[in-house]
There are 2 protein chains.
Amino acid sequence: MKKDDSTEEKILAAARKVFTAKGMAGARMQDIADEAGINKALLHYYFRNKEQLFENIFKKLSQGFWQQISQVFDSEEALFKKIESFCSMYIEKVIHNPYIPLFIMHELNQRPVNFVKKMFNDNPPNPNRLVMQIQAEVKAGNIRPIAPQQLIMNMISMCVLPFIGKPMFMSVMNVDEKTFNDLMQKRKTEVPEFIINSIKK
Amino acid sequence: MKKDDSTEEKILAAARKVFTAKGMAGARMQDIADEAGINKALLHYYFRNKEQLFENIFKKLSQGFWQQISQVFDSEEALFKKIESFCSMYIEKVIHNPYIPLFIMHELNQRPVNFVKKMFNDNPPNPNRLVMQIQAEVKAGNIRPIAPQQLIMNMISMCVLPFIGKPMFMSVMNVDEKTFNDLMQKRKTEVPEFIINSIKK
DNA sequence: GTCTATAACTCGATAGAC
DNA sequence: GTCTATCGAGTTATAGAC
């Protein structure tokens with residue numbers, strides 16, 4: 001039997017879908033059971049309770065979320081190239097998983113501050129390499145002076161927020177689904193261009 | 001009796017606090033009653049049910065959210081000045097109401113697409129004036145070519161996302177509350193500077 | 001492992017006294 | 001208007017048959 005067909009995998013896929021769409025508080029075990037094509041009792045057989053099922057999903061998602069970021073942050077690429085790689089990779093990823101960032105941020109805001117740290121206790125993401133790279137480019141006079149933290153926040157913000165605010169943007173800008181998707185596709189090159197134009201000398 | 005001391009006002013203030021922190025699904029009528037210093041039955045006396053109380057809060061918040069944006073978007077200022085006004089006004093506002101954007105976006109993502117439109121049926125926000133202003137500046141050759149929608153998304157993204165992702169940024173960048181707040185204060189000038197550097201010729 | 005049935009509990013809502 | 005007490009629907013979780 002393929003791994004994806006196992007009951008456990010079906011539950012995890014269903015739970016991921018329901019939790020990311022409705023959040024922990026809004027999700028019902030019944031919804032997850034229905035989505036997985038099984039009954040509620042089986043959920044408790046595989047995962048003792050709702051909390052454990054949630055944590056399983058949440059930990060996996062948030063670690064994956066940052067693992068991919070860290071890979072780019074730590075790569076050997078030059079700064080401008082790295083900015084391009086990050087934005088296109090990241091926007092592409094979020095196009096295919098539009099609910100994940102809002103889900104993670106909503107759930108993190110419900111929990112104590114050190115919950116994030118606990119989540120990454122084995123492998124905490126850290127942007128040090130990118131920070132030092134930015135500082136070096138500033139020092140070398142290749143880009144204008146800017147605080148690395150601010151630049152990194154700007155980059156992540158522009159990649160992620162349009163998806164989190166999709167319903168609002170669609171309504172306010174009066175665009176349909178297709179037009180919105182086109183705009184997002186274009187952002188894969190627009191955002192890095194915007195950033196590089198701002199920091200280059 | 002001052003308006004703020006009336007029971008209705010106490011309920012609204014409590015509901016706002018609890019709903020924005022926990023979301024509609026996560027909020028309990030008991031939490032709101034406790035926060036307001038009254039009992040559950042009184043909530044139902046003033047607002048028939050949870051849904052009506054929620055809609056009251058949500059409508060007020062989301063309209064206020066956009067009303068302030070629209071004011072700046074429609075002002076008579078020149079483009080660069082307008083960008084500065086928007087960012088400093090907006091970041092300042094979110095510093096004092098850090099939960100609101102995440103709350104609004106989370107709730108909007110739970111509801112049908114035309115829920116947003118229904119919310120603004122009387123006074124839909126529209127960025128047309130700013131869009132035309134950007135187009136004019138591009139045409140006049142005062143700024144480099146850029147799609148107005150992309151520029152507007154960039155601006156809003158950089159103002160809002162750091163607050164939505166606060167727990168994550170704090171953990172990943174390893175900064176404490178005070179340092180985070182300092183970074184946000186600086187963003188009131190950093191963000192417009194970042195944008196203008198990118199689009200100016 | 002998977003199901004049905006149901007226990008145990010949470011929570012929104014109402015009844016009714018004051 | 002405000003409170004206490006309680007109902008009843010909906011949910012998580014468990015028991016027990018297969």
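If you're wondering where the values come from, they're calculated on a predicted model, not measured in any experiment. By convention in this document, chain letters (A, B, ...) are assigned in the order of the sequence lines, proteins followed by strands, and residues within each chain are numbered from 1.
Considering only residues two or more places apart in sequence or on other chains, A:Glu8 meets the salt bridge (Lys or Arg N to Asp or Glu O under 4.0 Å) condition with none of them. By the ring pair (Phe, Tyr, Trp, His ring centres under 6.0 Å) test, B:Phe73 is found to be paired with B:Phe86, residues two or more places apart in sequence or in another chain being considered.
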Worked verdict on A:Phe58 versus A:Phe54 for ring-ring contact (aromatic ring centres under 6.0 Å, His included)
CA-CA 6 Å; A:Phe58 187 74; A:Phe54 172 80; 5.5 Å; yes

Checking A:Lys200 against A:Asn197 for the side-chain hydrogen bond (donor to acceptor under 3.5 Å, both in side chains) test, could you report, in this order, the C-alpha distance in whole Å, the side-chain angles of both residues, the deciding distance, and whether it holds?
CA-CA 6 Å; A:Lys200 76 171 182 222; A:Asn197 263 312; 2.8 Å; yes

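Looking only at distances, a side-chain donor or acceptor of B:Lys82 sits under 3.5 Å from a matching main-chain atom of B:Ser75. Listed for the B:Ser85 side chain is a donor-acceptor partner under 3.5 Å among the backbone atoms of B:Lys81.
Checked for salt-bridge contact, A:Glu193 and A:Arg187 miss the test: no charged N lies under 4.0 Å from a carboxylate O.
Proximity of residues 14-25 of chain B to DNA chain C (heavy atom under 4.0 angstrom from any strand atom) is not detected for any residue. Within a heavy-atom distance below 4.0 Å of DNA chain C, the residues of residues 37-60 of chain B found are B:Lys40, B:Ala41, B:His44, B:Asn49, B:Lys50.
Residues B:Met153 and A:Met158 have side chains not in contact (no heavy-atom distance under 4.5 Å, counting atoms from C-beta outward). Within the 4.5 Å cutoff, the side chain of B:Ile199 has heavy atoms near those of the A:Phe194 side chain. Taking 4.5 Å as the limit, some side-chain heavy atom of A:Lys50 sits within range of a side-chain heavy atom of A:Phe19. Residues B:Gln135 and B:Lys139 form no side-chain contact, since every pair of their non-hydrogen atoms from C-beta on lies 4.5 Å or further apart.
With axes fitted over five pairs at each extremity, the angle between the ends of the helix from C:dG1-D:dC18 to C:dC18-D:dG1 is 10° (10° resolution).
Nucleic acid contact class of B:Ala27 (heavy atoms, under 4.0 Å, all strands): sugar-phosphate only.
Nearest approach of B:Asn174 to A:Lys117, heavy atoms of both residues: OD1-NZ, 3.4 Å.
Contacts between chain B and DNA chain D, taken as any atom within less than 4.0 angstrom of a protein heavy atom, begin and end at D:dG1 to D:dT4.
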